[in-house]
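A quick write-up on the structure given underneath.
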Amino acid sequence: MKLTHKLTLAFLLLSLIVIGLAVALIWGLINYEFNQYLEVQRQNEFAVAAKNYYLENRTWDGVDNYLREQQLLPPLNEVSPPPQPFVLVDTDRKVVVASAPYVVGEKVKQGMLDKGIPIESGGEVFGTVISTGQPLIRNPIEQKYVDQINRGFWLAGIVGMLVALGFGLLLARSLTRPVRDLTTATRQMAQGKLEQQVPVHSKDELGELAQAFNQMSADVARANQSRRQMTADIAHDLRNPLTVIGGYLESLKDGKLKPTPERFEVMQAEVQHLQRLVDDLRTLSLADAGELKLHLEPTSISELLERVAEAYRHQAGQQQINLKVEIEPDLPEVNLDSARVEQVLGNLLTNALRYTPEGGEISMSANQPFDGAQGEGGLVLSVKDNGSGIPPEVLPHIFERSYRGDSSRSGNESGLGLAIAKSIVELHGGNIRAESGENGSQFSIILPVQKTAEHPTEQDTL
Ligand code: ADP
């Protein structure tokens, strides 16, 4: 059964219950009130007729005949007259005009008398009309009135149901429309058309679902596109060194070129480039598969930073770039894989050196801005340069694997550096982010500081 039908049925059932209850309640109330009204009316009529008779005759004898004439009692010749709703009682509490369960002459209890309507004139009481509790028999006009009201209620009920059905159908269709849109879009995605957008009609849960779907579809499509691009670019970039090496080897084999050390160096550089590319790809695929193992050990951050800075100081000097290291004192040791973190910092420094002009400045720093004692603190390592900065349209994508075959790229760069850096930092439970403006770029690595057994915190010893 379709969701639309289920919802419609649910609405219908609900409105059936509500309308049914309302109709039954109001109908019952009207019937009750109408009967009450009739009873008071009839009892008054009965009392007035009885009073008129008494005032004229000064006795109750023969009052039953008079009431019959007034059609307030059934005629005598009726075979089995229905029980009457009222009896007449005289001042001695004796029944004058009877009906079941009373008989003529029977003495009625005072309590019953109090509930009746006294027949009086000028302060003198002649008798009382008591209700027997028998149901009133409606005359045809009254019955017709009740029937009409009845019919009106049925009609209102049916119209109400039809309106509820119509609204239910409309509502169910509009509620399930986003679901239908999503199903169609998901089928399209399954067929390979990854870029799907469904309209967002509302801000409720279904609207949120549609928005999440659109985001997912866009992400999947972009990831797929960048994977394709990356494969194409890698293939392209693998071809260049292979062409160079192949060309040299052929010429050397044919004796067209002499095997000089310079020529071997060129070939070796190309092989190294290939090697690095393959290494980077392997690191990334290991990280993807969750198989990149870290060798964690308590490490002094200041020593690590100094080591990395030392390795790049010569190159910075050659480019006349001032390489500064600023380390907050008393930083705790952190559990990390120093070789991998050095690789990340090295990549950030290489980039900074590449995008910073002569006379520029690069500063590496380490500090702990949060309260590490709680075990939630983070250690921030950052590499800041005052170079060209990253264009705003590029910034959101720099950590993606958008490998681009860039002819201007030096042999040292695979173009996957930041993607690898992100994987390694995240494996350490941290995260990496980049900020950039006209005054250069800043990359920050936030590493969690875990409470280790060797370094119990105050919290632990309490
Ligand atoms: P690659 O540097 O080989 O292109 P990366 O993944 O290391 O690959 O960097 C991705 C991109 O981020 C670079 O191509 C560059 O556009 C940008 N980038 C990274 N670091 C910096 C920086 N310090 N200054 C300016 N741009 C940068």
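Just follow the structure's listing: the first ligand is 1, and inside any ligand the first atom is 1.
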Query - D385 and ligand 1 - part of the residue with a heavy-atom distance under 4.0 Å - result: side chain

Query - Location of contacts on F443 toward ligand 1, heavy atoms closer than 4.0 Å - result: side chain

**Report entry** Proximal atoms of ligand 1 relative to G389 (non-hydrogen, under 4.0 Å)
**Finding:** 25 (C)

Requested in this report: Return yes if some donor-acceptor pair links the side-chain N/O of H273 with the main-chain N/O of A269 below 3.5 Å, else return no.
Outcome: no

Report summary line: In this structure, NZ of K109 is separated from CG of D114 (nearest 0.5 Å) by 13.0 Å

Report task. Write out all pairs satisfying side chain to side chain donor-acceptor pair (under 3.5 Å) with one or both partners inside residues 175-184, taking only residues at least two apart or from two chains. Result -> T4-T176, T176-R180

Query raised in the report: Does the N or O separation between L416 and ligand 1 drop below 3.5 Å for any pair?
Result: no

Query raised in the report: Mind checking whether A352 has a heavy atom under 4.0 Å from ligand 1?
Result: yes

Query - pair M230-I234: side-chain heavy atoms closer than 4.5 Å - result: yes

Query raised in the report: Got a sec, which residues hit side chain to side chain donor-acceptor pair (under 3.5 Å) with K384, two or more places apart in sequence or on another chain?
Result: none

Report task. Indicate, as side chain, backbone, both or neither, the part of T356 found under 4.0 angstrom from ligand 1 when only non-hydrogen atoms are considered. Result -> neither

**Report entry** Nearest heavy atoms of G360 and N386, plus distance in Å
**Finding:** CA-OD1, 3.5 Å

Requested in this report: Answer yes or no: does an N/O atom from R354 fall short of 3.5 Å to an N/O atom of ligand 1?
Outcome: yes

